[in-house]
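Heads up, the thing below is written out as structure tokens.
Proteins come first, then strands; the chains are lettered A, B, ... in the order of their sequence lines, and each starts at number 1.
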2 protein chains.
Amino acid sequence: MATPANPPGDGTRATLAQVAARAGVSASTASLAFSGAGPVADETRERVLAAARELDYGGPDPRARSLRTGRSGIIAVVMEDRIRVAFRDPMVVTLLDGIADEIGNAGYSLLLLTDSLERAEGGLRDAPMDAALLLGCSTDLDPAVRVLSQRQVPLIGVEAEPRQGLPMVDIDNRAGMRRLAEHLAELGHERVAVITLPMDRDHTRGPLTQVWQDSSVAYTGLERLSGVRDVFPDAPAEVAAGSLIEEGLIAARALLDAEPGLTAIVGQSDLLALGAIQAVEERGLRVPEDISVAGFDGARIDGLSRHRLTTVVQPSVEKGRAAARLALAALAGEPVENVAFTTELRIGDTTAPPGPA
Amino acid sequence: MATPANPPGDGTRATLAQVAARAGVSASTASLAFSGAGPVADETRERVLAAARELDYGGPDPRARSLRTGRSGIIAVVMEDRIRVAFRDPMVVTLLDGIADEIGNAGYSLLLLTDSLERAEGGLRDAPMDAALLLGCSTDLDPAVRVLSQRQVPLIGVEAEPRQGLPMVDIDNRAGMRRLAEHLAELGHERVAVITLPMDRDHTRGPLTQVWQDSSVAYTGLERLSGVRDVFPDAPAEVAAGSLIEEGLIAARALLDAEPGLTAIVGQSDLLALGAIQAVEERGLRVPEDISVAGFDGARIDGLSRHRLTTVVQPSVEKGRAAARLALAALAGEPVENVAFTTELRIGDTTAPPGPA
DNA sequence: TCCATCGATCGAATCGATTCGACACCCGAG
DNA sequence: CTCGGGTGTCGAATCGATTCGATCGATGGA
């Protein structure tokens, strides 16, 4: 205590070895004192911690630790879109929340990556990570998958296209949509149209063409479409440029123009459906009396609408948790298996029997 | 090519040394071949890369690299709330987008941390990072600041309470709100009320009391309040439990009940203001004819309202970029100085002279 | 013809911890 | 009195790269 410690703020961090020296113990013992692994006398531990305090030592360097242990304590989430875009979708946010919570409880932190920018350095190629979760429904993640599996990073997919050797978390998109479609059919609807999620990376709008259906870039969107067409084989579909209210509005306008006899519109997400409601109402029509509208997700969207949307509820937070658990299992060397959640039809007040028109 | 390389998928990553050996060069040369620093003959580089391919080597291990170089390539963002909550605020999302974009361009990745959980391991205490950005307006981040400065991690604050030695990015909350209040005064308003951001960590609702104002837990909220009170010294204020539409709705109902003569409501965020509009309209009153409503942020909130909200626009993405640049500057050893952005009043159609009532 | 220079490569030290095996010591049981 | 079994501590090896200085030819100008 007489000798002045490291001049505070001299820029050079103290090392464990220095702390150990000052406490009069070996580096190994000091390490044990910090990590708690292995037996250390209380008195010794105290001395080490005191020395650390005097030297302003902030604990073992994560870099060195991770080199030695082979673990960085980081799990990455890879998204397709940039944050501003991706996070406008409440499903992405809740999913991420589930992931963060679960890995946080296990002592891991969340690294946010967007694959979009294939920069020379940084990101996918260089960032330390113990595992990665791939978000998104398109095959656009292919390059990311390649880079990361080359790095031998364990990968988990969420709503990704099924792919050899990629464990996944998914929901029954098709069955859920089929149940919704059946609900509409039972109400008596015959002319039903769909607003789909984006079908290509360019986020092109327009009527869904055969080309898109074949190229199968957007797995989730096509699955949900199939669910509706299981019941209404000829249901027309309009592709939106994003899962957003205003996109739903745009797409619904197009549908209302192109399909005169329409009695119901199904959005592939709740936001799209809300946009559709706006489109219907701006024409002076009523929901559900004149046109029924339904969505998908069960998003809790606050204050957006007077209606309680009929929708297919998916357990988004749980999906995130499950994906995180899969990653943790992979890290623990346990076997990982695909996880599938089921959805549930929630009937609100936006669907009703078709009007007399 | 005759000798079989590492059995693919044997679980053990090849090392740079093995690659070097196979290519018949030293490890140093192999390192140079990968990093591009230093002169390497083309032919040699080719041989190294070929060997890497044969051994299925995915590039230098980030853990080892970061130990040696002292850089992890990670910049952390520390938030107060959990993701699900924080990301409902569009300002947080755009801010984060700016940050991610800027640090991404510099080859860094973004680590998302919430300080809330002071777990024994993981997170603030253990995660590798080269710098950290602190988001949020309360002094609740104190423990986080302590832990991180002990670790000698360079810190940058965003909308944080001014604090000794913490470089910051901020906006002129008070001046912006003052200008908005002046706009209302010019229109002839005299009875103006405010809906404030949460004032304590518990997110307590209710009329703003002196206790809250003194404890000064919510820097941004108090600044914005001062701006209004510069013009309307006695403006009553209702504290919301979050920057959400439904919270604005709740708070505005309380204000409308408690303050009969009210002619204008100022929300401290656009979401709060939108809630206020709903509250006004659900009483059969019109905006702006009967009651004017204004917000703060200039958030682009899609499809939420028929109105164009009068608001104070802040450059949220730029704020994020600036914070990121500050962090990068700190890492480069350059001097970092506080950055302040100015806001701009945007007059929409939700403010008008007070009604004849 | 000689020496300074540059290009290409290599050896060895280093980053800061964790961890395995060994060692000394003390206790109680036989 | 001795031996087995904990405890507490230490030494040394190790994780996988980066990087500094040295070496060695070849080149080119004087």
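The structure places CG of B/L328 at 9.0 Å from CD of B/E334, a figure rounded to the nearest 0.5 Å.
On the nucleic acid side, DNA chain C contacts chain B at distances under 4.0 Å to non-hydrogen atoms, with the end points of that region at C/dA8 to C/dG16.
Between the side chain of A/S26 and the base of D/dG11, no donor-acceptor pair of N or O atoms lies under 3.5 Å.
No side-chain donor-acceptor contact under 3.5 Å links A/R321 to the backbone of A/G98.
The bend of the helix from C/dT1-D/dA30 to C/dG30-D/dC1, defined by the angle between the axes of its first five and last five pairs, stands at 40° to the nearest 10°.
Judged by closest nucleotide on DNA chain C, B/T44 is the one of B/A64 and B/T44 placed further toward the 5' end. Looking at which nucleotide of DNA chain D each of B/L67 and B/L32 is closest to, the 5′-most match is held by B/L67. If B/S28 and B/T69 are placed on DNA chain C by their nearest nucleotide, the residue sitting closer to the 5' end is B/S28.
Residues A/R13 and A/Y57 have side chains in contact (heavy-atom distance under 4.5 Å, counting atoms from C-beta outward). Side-chain contact check for A/L135 versus A/E159: every heavy-atom pair is 4.5 Å or farther apart. The side-chain heavy atoms of B/F87 and B/L96, taken from C-beta on, include a pair separated by under 4.5 Å. Looking at B/D81 and B/D89, their side chains never come closer than 4.5 Å, going by heavy atoms from C-beta outward. At a threshold of 4.5 Å between non-hydrogen side-chain atoms, the residues A/M129 and A/L148 count as touching.
For D/dT9, the OP1/OP2 oxygens have no side-chain nitrogen or oxygen of A/T29 closer than 4.0 Å.
Backbone-only contact: A/Y57 has heavy atoms under 4.0 Å from sugar-phosphate atoms and none from a base. Note on A/P60: only backbone sugar-phosphate atoms sit closer than 4.0 angstrom, heavy atoms only; bases stay farther off.
Tested against B/V158 for a side chain to side chain contact (heavy atoms under 4.5 Å, CB included), the candidates B/L95, B/D170, B/L134 yield a single pass: B/L95.
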